[in-house]
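Here is the naming used below: chain letters follow the sequence lines, and residue numbers restart at 1 for every chain. Just so it is clear, the structure is predicted and the values come from calculations on it, not from any experiment.
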Amino acid sequence: MKPSIPKGTRDFLPQQVNRRNYIFETIRSVFVKYGYQAIETPVMENLSTLTGKYGEEGDRLLFKVLNNGDFLKKANEEALQERNSTALISSISKRGLRYDLTVPFARYVVMYQNDLSFPFKRYQIQPVWRADRPQKGRYQEFYQCDVDVVGSDSLSYEAELVQIYDEVFGKLNIKTVTRINNRKILAGIAEVAGIPEQMIDMTVAIDKLDKVGIEGVRKELGERGIGEAAVAKIEEILAIKELADLKAALAASETGLLGVEEITQVFAYLEGYEFKNTLQFDITLARGLNYYTGCIFEVNVDTAAHPNVKMGSIGGGGRYADLTSVFGMKNMPGVGVSFGAERVYDVLEELDLFPAEDAAALKVLLIGFDEESHRYAFRCLNQLRAANINADLYPDPVKLKKQMKYANDRNVPYVILIGDNEMASGELSLKNMGNGEQEKLSIAKIIDALK
RNA sequence: GUGAGUAUAGCUCAGUUGGUUAGAGCGCUGGAUUGUGAUUCCAGAGGUCGCCGGUUCAAAUCCGGUUAUUCACCCCA
């Protein structure tokens, strides 16, 4: 059979794993520094935990796990006869693959509320699955790196998360622009434009501003049933750049003013912080997820510094006033952000910013010429490993050329060649694969040299 | 869910208006070189041209269907 993997999934070569670990480690180290703790949740959740949390579109993209056993026996007869998949699902599937890390986290907080101290600061780096059509930079299996704090509505956390973004991308040497907005400001705009019920439609439309331009947004607003007068008002407010001007424009909306105040406070916390990257207020930032209620964030590669990089957002997040109430726990505000590790990988590759392969790789390969020297080499191997040197032995004393080629393919910096002469004298041939130089040294001296 | 492209050797791809035995580069195996890799030279192995059907004297090539995959839209990281 022809080997293959499911669509939207990927295998990783050793070098790719090293590079992905570099990204994860960089992110993790910053999370830990800011006082966040790791948690993990299962790849499968009960389907009831997941359904209805991501909207109609999200339900469609959920991977469902078929029940074990004779699942059709217990299937809903009516739905089965009518070939109604949607109605059938609950009777043949009770589990699904997690779609993101936030909803499982909400469930987790409710289940372990008595064991957690609030504010609870957690990070989580695990894969999630979506049955989306794959395309460039989008997969059906991908990692999310989430960092959230629940149990406090302090705006100092918004400021802290902005700093985490700044620090991580600073360490990765990617120049970024973090944009910040506030859902309350967007609600205020909808109020002032006289369409408070259509705020979601409005935000979905204006979220596309940088992609389709003001013309496209105007069109989409119209298509979503928003009247001309309201569209004109929305456009007028979107043109505002300064918070002070916005305050005046939203004077009629209590919610809108609150949003402006929140943003102002976040900036106040950040006064004096030395940014490595750019932070800017962007009134057009909307973000699709409906559960955000306060500040929202999105990070993009700074196209001024990296003009050739074409990539969507590489991070995003925001505040939610109430995520756990669907699981029966009220008054649990939170705020969190996520890093798009897969996209960060593509950006680092595009910019050639991955560090050189680290010393964790194989340091020396031993080569024996015949059966006897192969056994001798095996004993030398043990000494090297005992001295904590990453060492390996070619498994058979085959033709030297073949063994050398393997060493070359493995990118080993040194090889040790062992034949009759070496065994007689105890002086092994240590060859530097970089410059081809070779010298005879005792195993003790080799260990000193390679340490 | 909607639309477009692609499918030929292990990998990346050529393949003319349809015409004898389908090619290249890389990789692999052996040799030049029986104690030395990455460079060079020589030789060799390796293909049901995604699958099914149709048109034709003749199909990798044209047509229909199907599967896989890529890209874009919707949505999203």
Identified pairing partner of [N], criterion: Watson-Crick or G-U wobble below 3.5 Å:
N	answer
rA72(B)	rU2(B)
rG23(B)	rC13(B)
rU56(B)	none
rC28(B)	rG44(B)
rU33(B)	none
rA38(B)	none

Tell me the interatomic distance from [X], atom [atom1], to [N], atom [atom2], rounded to whole angstroms.
X	N	atom1	atom2	result
K405(A)	rG31(B)	NZ	P	15 Å
M404(A)	rU33(B)	CE	P	19 Å
F369(A)	rG37(B)	CZ	C1'	13 Å
K399(A)	rG35(B)	NZ	C1'	13 Å
D59(A)	rC76(B)	CG	C1'	15 Å
Y165(A)	rA77(B)	OH	P	10 Å
K7(A)	rC71(B)	NZ	P	12 Å
R410(A)	rG37(B)	CZ	P	19 Å

Just call it for [X]: base, sugar-phosphate, or nothing, with non-hydrogen atoms closer than 4.0 Å on any strand.
X	result
E298(A)	nothing
G137(A)	base
Y139(A)	base

N or O in side chain of [X] less than 4.0 angstrom from [N] OP1/OP2:
X	N	result
K402(A)	rU29(B)	yes
Q144(A)	rA77(B)	no
K208(A)	rC75(B)	yes

Say you pick atom [atom1] in [N] and the same atom in [M]; how far apart are they, in whole Å?
N	M	atom1	value
rC13(B)	rG47(B)	C1'	14 Å
rC52(B)	rU67(B)	P	15 Å
rC73(B)	rC11(B)	P	30 Å
rA9(B)	rC28(B)	C1'	12 Å
rU8(B)	rG50(B)	P	6 Å
rA7(B)	rC49(B)	C1'	10 Å
rG18(B)	rA77(B)	C1'	48 Å
rG53(B)	rA59(B)	C1'	13 Å

Worked verdict on E422(A) versus S373(A) for side-chain hydrogen bond (donor to acceptor under 3.5 Å, both in side chains): CA-CA 9 Å; E422(A) 284 80 1; S373(A) 52; over 6 Å; no
Closest-nucleotide ordering on RNA chain B, the 5'-leading residue of Q135(A) and G316(A):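 In this pair, the answer is Q135(A).
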Residue whose closest nucleotide on RNA chain B lies nearer the 5' end, F142(A) versus P6(A):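 The residue closer to the strand's 5' end, by nearest nucleotide, is P6(A).
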When you check the side-chain N and O atoms of [X] and [Y], is any donor under 3.5 Å from an acceptor?
X	Y	value
D148(A)	T102(A)	no
N181(A)	Y292(A)	no
Q135(A)	R133(A)	no

Residue [X], side-chain atoms from C-beta onward, closest of [options]:
X	options	result
R130(A)	rC75(B), rG35(B), rC76(B)	rC76(B)
R138(A)	rU70(B), rC76(B), rA38(B)	rC76(B)
S313(A)	rA77(B), rC75(B), rG37(B)	rA77(B)
L400(A)	rG35(B), rG37(B), rA72(B)	rG35(B)
Q438(A)	rG37(B), rG35(B), rU36(B)	rU36(B)

Validation row: E167(A), K33(A) side chains within 4.5 angstrom (heavy atoms):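 Side chain of E167(A) against side chain of K33(A), heavy atoms only: contact under 4.5 Å found.
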is_close_aromatic(Y99(A), F63(A)), centroid dist under 6.0 Å: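 No - the distance between ring centres of Y99(A) and F63(A) does not fall below the 6.0 Å cut-off.
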Do the side chain of [X] and the base of [N] come within less than 3.5 angstrom through a donor-acceptor pair of N or O atoms?
X	N	answer
Q403(A)	rU36(B)	no
K431(A)	rU36(B)	yes
D409(A)	rG37(B)	no

Heavy atoms from other residues, nucleotides or ligands near CD of E350(A) exceed 12 (cutoff 6.0 Å):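 Check passes, neighbour count above 12.
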K276(A) NZ: over 12 foreign heavy atoms closer than 6.0 Å: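 More than 12 within 6.0 Å, yes.
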From CG (D166(A)) to CG (N277(A)), nearest 0.5 Å: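 Answer rounded to 0.5 Å: 5.0 Å.
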Below 3.5 Å between N/O atoms, which protein atoms pair up with nucleotides 1-8 of chain B? Just atom names and distances, please.
| unit_1 | atom_1 | unit_2 | atom_2 | d |
| --- | --- | --- | --- | --- |
| rU2(B) | O4 | R133(A) | NH1 | 2.1 |

Residue among L430(A), I447(A), D448(A) satisfying side-chain contact (heavy atoms from CB on, under 4.5 Å) with L441(A):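 That would be L430(A); it is the only one of L430(A), I447(A), D448(A) passing the side-chain contact (heavy atoms from CB on, under 4.5 Å) with L441(A).
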Test ring pair (Phe, Tyr, Trp, His ring centres under 6.0 Å) applied to F24(A) and Y143(A), Y123(A), F31(A), the passing residue: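 Of Y143(A), Y123(A), F31(A), ring pair (Phe, Tyr, Trp, His ring centres under 6.0 Å) with F24(A) is met by Y143(A) alone.
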